[in-house]
Engineer: 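Quick one: the structure is below, and I'll ask about it shortly.
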Amino acid sequence: MKDYNLTIISNNQIARDVFKTEFSCQEQLPSFIGGQFLHLQVPCKILRRPLGILEMTANYCSIVYAVVGEGTRILSKMKKGDCLKAMLPLGNGFVLPKTYKKVALLGGGLGVVPLLPVINTYPEIEFCSYMGFKSRDDVILYDEFNKLSKKICFTTEDGSFGSCGFSIDALKDDLETNNFDAVLVCGSIPMLKEVKKANFKIPVYVSMEERMGCGVGACLVCTCQVKKGNNIENLRVCIDGPVFKLDEVAL
Amino acid sequence: MKTSVNVCGIEFKNPLIAASGTFGFGREYQDFYDVNIWGGFCTKGLTYEKRLGNPTPRIAETPMGSLNSVGLQNPGFEDFVKYELPYLKTLDTVVIVNIAGNMVEDYCRLAEAVSDCDIDMVELNISCPNVKEGGMAFGTRPESIKNVVGSVRKYCKKPLIVKLSPNVEDITQNAKAAEDYGADAISLINTVSGMAVDIYTRQPILANTIGGLSGPAIKPIALKMVWQVYNTVKIPIIGMGGISSAQDILEFMLCGARAVQVGTYNFMDPYAPVTLLDGLTKLMADCKIQDVNTIVGDLKAR
């Protein structure tokens, strides 16, 4: 874990309010597991912004993020050549047992981002990707998922791209005919509640999002309530997560 | 060049202390640097019984500041002894345990218990703005400060630092009350009570509605209060509030701080003490300061 100096190679809008930023790094970047994140410095801001890592190789990394506030707005306006610091890779990604052969990825909106690199982390596992968006203007990473997944189903709530409806319903239709070892999910809280309610009867791992301070577990700001037996524990999304077992998370 | 300082007879190899609540129990930054580089560090606020803290969101960014409302989440004394203390004993830096409670009896019980632990100092947190009972309620009026400090003093066998809240009518009266009733040192300022609003949801950003403001935004308030308290009490002062550069450290020391605490800056720069100490020695050389102690309180009045 280190603070790296990153230089922007490109910073482009890829969907409605969504940007992809690519960085180069003179130092050798470490390996990472899909689901891990970086803690990015933003000019003129006190707090860093935790963002899921999309891709990372020896001297390259990329992120995809939505403009949701002032920090991400500043980030979206930065130019090629601008330098930023980022602590990486942070958190526990999707650590999967070696016995898994077939896994479903279930994403909603920006939640699809940390799921994509999981496919490259586990080349021996077969992945089926179920990704949902509000409308066609919000769709991201279709080509990337299409290239890497065994099966792909993109949905939009208004039917303007892919199937009409929710990604969770598309997954439900496939659950009986596919022998999935697990479901990996990332999306909004209402979506996670639906997934919990659906009770898939196979392990479901979720990547949680929370406002963060330090990013390394020192400040206890990014708490997630997790059930351990009969007790509720406040775990830290940044270092105990961001990936948890969905049935243990109190939503 | 001398950067070591002495507070209440305890030697700090440099004036930098990690502020409570920004440095956990000292483990988290080990991957970034040797944490023994700090002159000292304050643990996360400890209560006798475990506390889960407030709901999330617990943090928001504000202009040049950070607003938080953690609500004293901590493992409680028993787990502290079991899981944190053995590690703290291995550290070669001054370990200060920050203690809090709901009632005076809680503070006393915990002060007595931590006094028997192998730690160096106790910081009495009577200024947390983020809990409903106790916390800041104890630290706003001289009468209640006298009560809690006087009581804890009887049970605390370690040097006792009293951490003061800035959300008060007259900081000097509170500092004097702490000194008169047994404080060995004073640390200030805790966070400034504040609020942040989301116009789109029309809700406060923090789940707790209000929180404590920290970071560079509060530095001028902190400097003023350190200077006022320095001119009121004789016991050592540990200054804090938005320190994020070597220059900030010297500003606080000129206003009377014997040592300083660094909090929010840890979130801005994960190598905070490394950066600050490097800057401090360079700045001392530039300003021809041989011994950092010589500038404490050396502010020339206008």
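Atom set for the values below is all heavy atoms of this structure, side chains included, hydrogens, waters and symmetry mates excluded. We name chains A, B, ... by the order of the sequence lines, and we start the count at 1 in each one.
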Engineer: Supply the atom-to-atom distance B/Thr62 OG1 to A/Glu70 CD, rounded to the nearest 0.5 angstrom.
Structural biologist: 10.5 Å
Engineer: Between A/Gly215, A/Gly71, A/Gly217, who has the most heavy-atom pairs with chain B when the cutoff is under 4.5 Å?
Structural biologist: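 Of the options given, most contacts go to A/Gly217.
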Engineer: So which part of B/Thr264 gets closer than 4.5 Å to some heavy atom of chain A, the side chain, the backbone, both or neither?
Structural biologist: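 For B/Thr264, the contact with chain A is made by the side chain alone.
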Engineer: Quick one about B/Asn208 and B/Ser69 (side-chain donor to acceptor, distance below 3.5 Å, no hydrogens or angles considered), yes or no?
Structural biologist: yes
Engineer: Between B/Tyr29 and chain A, which part of the residue has a heavy atom less than 4.5 Å away: side chain, backbone, both or neither?
Structural biologist: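 The side chain, not the backbone.
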Engineer: Looking just at side-chain N and O atoms, do A/Thr223 and A/Arg236 make a donor-acceptor pair shorter than 3.5 Å?
Structural biologist: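 Looking only at side-chain atoms, A/Arg236 and A/Thr223 do not form any donor-acceptor pair under 3.5 Å.
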Engineer: For B/Asn125 and B/Tyr107, work out which heavy atoms get closest and say how close.
Structural biologist: O-OH, 2.8 Å
Engineer: Heavy-atom count around B/Lys13 NZ within 6.0 Å, excluding the residue itself: above 12?
Structural biologist: yes
Engineer: Do B/Asn102 and B/Arg51 have side-chain atoms, one donor and one acceptor, less than 3.5 Å apart?
Structural biologist: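 Note: B/Asn102 and B/Arg51 side chains meet the donor-acceptor criterion.
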Engineer: Quick one: which of A/Gly69, A/Cys222, A/Cys219 has the most heavy-atom pairs under 4.5 Å with chain B, could you say?
Structural biologist: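 The candidate making the most pairs under 4.5 Å is A/Cys219.
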Engineer: Which residues in residues 31-47 of chain B have a heavy atom less than 4.5 Å from any heavy atom of chain A?
Structural biologist: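 Contacts with chain A: B/Asp31, B/Phe32, B/Lys44.
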Engineer: Which pair of heavy atoms, one from A/Tyr122 and one from A/Val95, lies closest together, and at what distance?
Structural biologist: OH-CA, 3.3 Å
Engineer: Would A/Gln41 and A/Arg49 count as having a side-chain donor-acceptor pair, cut-off 3.5 Å?
Structural biologist: no
Engineer: Which atoms of B/Tyr265 come close to chain A, meaning under 4.5 Å heavy atom to heavy atom: side chain ones, backbone ones, both, or neither?
Structural biologist: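 Nothing of B/Tyr265, per the 4.5 Å heavy-atom cut-off to chain A.
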Engineer: More than 12 heavy atoms of other residues, nucleotides or ligands under 6.0 Å from CD of B/Gln247: yes or no?
Structural biologist: no
Engineer: Select all residues of residues 77-96 of chain B having any heavy atom within less than 4.5 Å of some heavy atom of chain A, and report them by number, or 'none'.
Structural biologist: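 So no residue qualifies.
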Engineer: Any luck finding a side-chain donor-acceptor pair between A/Gln225 and A/Glu248 under 3.5 Å?
Structural biologist: no
Engineer: Establish, from distance only, whether the side-chain atoms of A/Ser160 and A/Ser135 form a donor-acceptor pair under 3.5 Å.
Structural biologist: yes
Engineer: What part of A/Lys45 lies closer than 4.5 angstrom to a heavy atom of chain B: side chain, backbone, both or neither?
Structural biologist: both
Engineer: Side chains of A/Asn59 and A/Ser24: donor-acceptor distance under 3.5 Å anywhere?
Structural biologist: no
Engineer: Which region of A/Met87, side chain (C-beta onward) or backbone (N, CA, C, O), has a non-hydrogen atom less than 4.5 Å from a non-hydrogen atom of chain B, or is it both or neither?
Structural biologist: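 Contact with chain B involves the side chain of A/Met87 alone.
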Engineer: Is it the side chain or the backbone of B/Ala217 that comes within 4.5 Å of chain A heavy atoms, both, or neither?
Structural biologist: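 Neither part.
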Engineer: Any chance the side chains of A/Glu55 and A/Ser62 put a donor and an acceptor closer than 3.5 Å?
Structural biologist: yes
